[in-house]
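Below is one structure, written out as structure tokens; comments come after it.
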2 protein chains.
Amino acid sequence: MAGRPKIFDEREVVEKAVDVFWTKGYETASADELLDAMGIGKGSFYLAFKGGKKELYEKSLRQYADRFDKQLLHDLSVSKDPVQLIKDFFMALADDPKSKQMKGCYIGNALVQLSDGDVDTKLIAAELLGSVESIFTDVIRKAQEEKKLKNKAKPEVLGKYLINLWNGVNVTRRSNPGYEHLREVLEMSLQVLH
Amino acid sequence: MAGRPKIFDEREVVEKAVDVFWTKGYETASADELLDAMGIGKGSFYLAFKGGKKELYEKSLRQYADRFDKQLLHDLSVSKDPVQLIKDFFMALADDPKSKQMKGCYIGNALVQLSDGDVDTKLIAAELLGSVESIFTDVIRKAQEEKKLKNKAKPEVLGKYLINLWNGVNVTRRSNPGYEHLREVLEMSLQVLH
DNA sequence: TCCTTTTTGTACTAATTAGTACATAATATC
DNA sequence: GATATTATGTACTAATTAGTACAAAAAGGA
């Protein structure tokens, strides 16, 4: 209850770190660069994040996913047609600006960018993607129960199908942002949600 | 027409480099590690690959994709049912050993692992994926013309749909190799090829 | 005011990075 | 066999990396 006061808020600086990691990638984002963006010095950083860069990255993954999930759950909760909301959510991917198209999914990137040495961090990313998947699964299960979805496939399979679509689009559009056919691919892919 | 003979074959050492880049990722694969696997010293390496690590990587992408395309085109050429061959090709992803599932697609990885500084290398990867896409597109167009494919969607859209599926699976299965539902997701995704 | 506690900024370190310089080795040609 | 040519191996460099050490600063409590 004493001592010099912190000059930064942890959530805020982690958010700044997300930006850097997202645009540069985990390996390529240097500690100096991160600290610069976060606006704190090494002294403060290594005191607050004893695990260094890796701890910062894991916290950034968790914080990002947490916010994403909360937002999605909220949007779903106020929606009259959750299945349509999911469709819209995917269709919106085709309208993102090129800069965003090139960045991919913050969590999915972790799965592909981390080397074999970072198995534990990869596991976190997998778990976080899994939680989005189960949000999808729940929406689908409920819609099926309420006879709002004709497709009788297992909700778990449809949920994984959607995450797979998400992962695919986030790689595909990197290679050709704004490609004319992306919208049609998405429409074709979402026909399973009938 | 003179001079000390090379102790290595370029295609062979590039192939060794593919292994290292694939398991470790572009950034994480160090030059020393690569040279070690390739079995040559720095002198030989920087003489043969004046562009250093980057040139090696680009050559490895091209060589890998070239072999992949040739194999696929050959398999298609001797197949009675090319559309079914593509289906089998995708379904086989579910049976890969865990080690292979974790590695993703060699070309797709490049799209996600390269930072903004390597735009030119990214473009190469995009072009190489594009050539696989056009192989798919051609097969589909032909099958439609021969009335062997009922789906009337544009071949270009179906081709991109398939590349998108490929990209998705190669990310998704990293997060949960051997996941029970992958096979069902693939079956669901391939129903467009009816 | 002085003491304790915590944070901060800076200077430093030790390791690793990609890449270069260059003397030497191995061949073909004349 | 001498010479030109190309390849090789080693020793080196310069930059960058993540992370540490530590003295000074800024607060609260006695």
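Each chain gets a letter, A, B and so on, in the order its sequence line appears, and its residues count up from 1.
Counting only N and O atoms by type, the side chains of B:E156 and B:T137 include no donor and acceptor under 3.5 Å apart. Using modelled atom types and a 3.5 Å distance limit, the side chains of B:D69 and B:S131 yield a donor-acceptor pair.
A straight line from CZ of B:R4 to C1' of C:dT29 spans 19 Å, rounded to a whole angstrom. The CD1-P distance, from B:I40 to D:dT6, rounds to 18 Å in whole Å. Across the protein-nucleic acid pair, A:F49 atom CZ and D:dT20 atom C1' stand 18 Å apart, rounded to whole Å. Rounded to a whole Å, the CG atom of B:L47 is 13 Å from the C1' atom of C:dC22. Distance A:K6 NZ to C:dT6 C1': 9 Å, rounded to the nearest Å. In this structure, NZ of B:K50 is placed 13 Å from C1' of C:dT20, rounded to the nearest angstrom.
Taking the six-membered ring for Trp and thresholds of 30 and 60 degrees, B:W166 and B:F90 have ring planes more than 60 degrees apart, a perpendicular arrangement.
In terms of modelled atom types and a separation under 3.5 Å, the side chain of B:K53 and the main chain of B:Y26 share a donor-acceptor contact.
A salt bridge between B:E146 and B:K148 is present, with a side-chain N of the basic residue lying under 4.0 Å from a carboxylate O of the acidic one.
Among the protein residues, B:I7 comes within range of the sugar-phosphate backbone only, with heavy atoms under 4.0 Å from sugar or phosphate atoms but none that close to a base.
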Show me the side-chain donor-acceptor pairs of residues 42-52 of chain A shorter than 3.5 Å, one per line, residues at least two apart or across chains.
from: A:K50; atom 1: NZ; to: A:L47; atom 2: O; distance (Å): 3.3

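Looking at the side chain of B:P5, the nearest of the listed nucleotides D:dT8, C:dA26, D:dA26 is C:dA26.
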Under 3.5 Å, N/O pairs linking protein and nucleotides 14-19 of chain D:
from: D:dA18; atom 1: OP1; to: A:A31; atom 2: N; distance (Å): 3.0
from: D:dA18; atom 1: OP1; to: A:K53; atom 2: NZ; distance (Å): 3.2
from: D:dA18; atom 1: OP2; to: A:A31; atom 2: N; distance (Å): 3.0
from: D:dG19; atom 1: OP2; to: A:Y46; atom 2: OH; distance (Å): 3.4
from: D:dG19; atom 1: OP2; to: A:K53; atom 2: N; distance (Å): 3.3
from: D:dG19; atom 1: N7; to: A:K42; atom 2: NZ; distance (Å): 2.9
from: D:dG19; atom 1: O6; to: A:K42; atom 2: NZ; distance (Å): 2.6

